[in-house]
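Counting begins at 1 with the first residue of the sequence. Order of listing sets the numbers, starting from 1, for every ligand and every atom in it.
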Amino acid sequence: MDTLVSVGITGVGGYAPPGVLTNHDLEQMVETSDEWIRTRSGISNRHIADAATATSDIALPAARQALERAGLAPDALDIVVMATFTPDYLLPATACTIQHALGATRAAAFDLAAACSGFIYAINVIAPSIATGQFRNALVIGADTLSKVTDYTDRSTCVLFGDGAGAAVLQPVPAGRGLLASYLRADGGGCEMLYIPGGMTRKPASHETVDARDHYVKMSGNEVFRFAVRALEEAVLEALSRAGLTAADVDLIVPHQANIRIIDGAAKRLGIPEDRWVINLHEYGNTSGGSIPLALNDAYEQGRLHEGDVVVFVAFGGGLTWGASVLRW
Ligand code: UT7
């Protein structure tokens, strides 16, 4: 194991479709108000793909941007991983569509399903293969087109979700930099707190499943909220402790963008000052797999990532899944 190399993020990218759905638009669609949505979630806008746009279409611009910023040609990629629960098709993996469109002619490709925790899961699945030398250049994408699986007659979910994508190039980095430690968890006992009941093998698509709107996301918002607050704090503290660090060492924290009240609660309990948190949910809502890499891209473009910074990613979501990673940028 003395040949292990450090693995870090050497390029990031982000993309959201141009169409914007505002709180005022939603007031015309369901019984809700701009005031309720803003005060209960912090969200004002979300970006929504048009009918012809699939998840690979929003993932590609993010992927190209990450490659360009890493100075890496697509044919140098060894692997493409796509974290999503809204693939273009169930078969084949959307990562293959992206691999082909990029011209990543030497790369393997697969999708990973861990809902909102997908990006963190994906970097942790891939990093050890780079550390051991099996792969050198990896592209990890998190992207979801939630608008395609959102029930726009259900006010408890439709105000929260949007479409977005982010990408990161993972490569060997100098010793002491890159991924320091992580903490990943799952609890399938919470499956029905956040799921799509119909359309697959448990309840294959039929006229009945469509009439029952079972192909849309169903969520027990209150239960997920309580889980999220606990999960966020636990994951950050565990990952930091595995890295031999504490909350006071954190320079920047990129949380899953679900609800500002969840983030504010965690920020207080962890004692990590507000200005260290990257927040863009007011503009994009919850984009699930896209959430963390899209926010990371915003942080990059705003000049908030500096060499040597301690950066934390933290997510929670369907599965249930949750986890955090600590990096030295
Ligand atoms: O990616 C991970 C995923 N998901 C999350 O992180 C979501 C976690 N949960 C949440 O963010 C919050 O639970 C919600 C934003 C979904 C809901 O906020 P809440 O403060 O937990 O509200 P609530 O569900 O307790 O509902 C309070 C009231 C209810 O009315 P009554 O029963 O008190 O009369 C709801 O029917 O608000 C009502 N309500 C709404 N009112 C206006 C629910 N949705 C809406 C709405 N507009 N869109």
Side-chain angles (χ1 to χ4, degrees), residues 21-46 83-86 113-121 142-166 184-188 190-196 216-236 254-267 277 279-282 284-295 313-324:
L21 183 69
T22 67
N23 290 351
H24 297 293
D25 296 331
L26 283 160
E27 286 175 342
Q28 311 304 312
M29 296 160 67
V30 287
E31 187 68 41
T32 191
S33 67
D34 170 54
E35 208 257 334
W36 191 96
I37 303 171
R38 273 189 297 103
T39 54
R40 296 298 182 109
S41 74
I43 300 165
S44 295
N45 295 328
R46 59 294 283 144
T84 189
F85 78 92
T86 53
C116 306
S117 310
F119 180 76
I120 295 182
Y121 265 62
D144 274 301
T145 313
L146 272 153
S147 63
K148 308 276 178 170
V149 293
T150 294
D151 183 350
Y152 286 99
T153 67
D154 175 4
R155 70 176 183 175
S156 72
T157 54
C158 74
V159 302
L160 303 173
F161 300 138
D163 303 337
L184 299 179
R185 290 288 306 276
D187 176 8
C191 162
E192 292 182 7
M193 279 159 65
L194 180 49
Y195 77 137
I196 299 178
Y216 292 127
V217 173
K218 314 281 180 206
M219 181 173 71
S220 309
N222 273 311
E223 282 180 87
V224 175
F225 191 100
R226 282 197 297 275
F227 147 71
V229 171
R230 259 187 296 115
L232 203 161
E233 184 182 13
E234 171 193 307
V236 170
V254 188
H256 172 44
Q257 308 286 313
N259 187 319
I260 194 67
R261 290 188 293 139
I262 295 173
I263 296 174
D264 284 349
W277 295 75
I279 292 161
N280 67 3
L281 59 82
H282 49 276
Y284 299 107
N286 179 349
T287 62
S288 192
S291 160
I292 288 178
L294 187 59
F313 304 153
V314 58
F316 51 86
L320 301 168
T321 56
W322 65 106

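- When only modelled atom types and interatomic distance are considered, His282 and Ser44 share no side-chain donor-acceptor pair under 3.5 Å.
- Within 4.0 Å of atom 9 (N) of ligand 1, at least one protein heavy atom is present.
- Side-chain atoms of Ile263 and Leu281, non-hydrogen and from C-beta on, do get closer than 4.5 Å to each other.
- Looking at Glu31, Met193, Glu223, Met219, it is Met219 that brings a heavy atom closest to atom 7 (C) of ligand 1.
- Taking distance alone, with nitrogen or oxygen atoms compared against 3.5 Å, Gly221 approaches ligand 1 more closely than that limit.
- Among all protein heavy atoms, the one lying closest to atom 39 (N) of ligand 1 is Trp36 CZ2, 3.4 Å.
- In this structure, Leu160 has a heavy atom closer than 4.0 Å to ligand 1.
- At the top of the distance list for atom 47 (N) of ligand 1, counting protein heavy atoms only, stands Thr32 OG1, 2.6 Å.
- At a 4.0 Å cut-off, at least one heavy atom of Ile262 sits close enough to ligand 1 to count as contact.
- Close contacts of ligand 1 with Arg261, meaning ligand atoms under 4.0 Å from a residue heavy atom, involve 18 (O), 19 (P), 20 (O).
- Contact atoms of ligand 1 toward Ala258: 6 (O) (distance under 4.0 Å to a heavy atom of the residue).
- Below 4.0 Å from some heavy atom of His256 lie the following atoms of ligand 1, by number and element: 1 (O), 2 (C).
- Among all protein heavy atoms, the one lying closest to atom 3 (C) of ligand 1 is Asn286 ND2, 3.6 Å.
- Protein heavy atom in closest approach to atom 5 (C) of ligand 1: Val224 CG1, 3.7 Å.
- Heavy-atom contacts of Phe316 reach the following atoms of ligand 1: 6 (O) (cutoff under 4.0 Å).
- Here the side chains of Arg46 and Asn23 are in contact, with some heavy-atom distance below 4.5 Å.
- The nearest protein atom to atom 15 (C) of ligand 1, hydrogens excluded, is given as Asn259 ND2, 3.6 Å; this is a heavy-atom distance.
- Judged by the shortest distance from any of its heavy atoms, Asn222 lies inside the 4.0 Å radius around the atoms of ligand 1.
- Of all protein heavy atoms, the one closest to atom 20 (O) of ligand 1 is Arg40 NH1, 2.7 Å.
- Judged purely by atom type and a 3.5 angstrom limit, Ser291 has no side-chain atom pairing as donor or acceptor with the backbone of Thr287.
- In terms of protein heavy atoms, atom 29 (C) of ligand 1 is closest to Arg155 NH2, 4.7 Å.
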(request) Run the numbers on Gln257 and Ile43 for side chain to side chain contact (heavy atoms under 4.5 Å, CB included), then give the verdict. (result) CA-CA 10 Å; Gln257 308 286 313; Ile43 300 165; over 6 Å; no
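- Distances from atom 32 (O) of ligand 1 to the protein include no heavy-atom value under 4.0 Å.
- In this structure the side chain of Val159 never reaches within 4.5 angstrom of the side chain of Ser41, judged on heavy atoms.
- Considering both main-chain and side-chain atoms, Ser33 never comes within under 3.5 Å of ligand 1 through any nitrogen or oxygen pair.
- Those atoms of ligand 1 that come under 4.0 Å of a heavy atom in Val159, given as number and element, are 48 (N).
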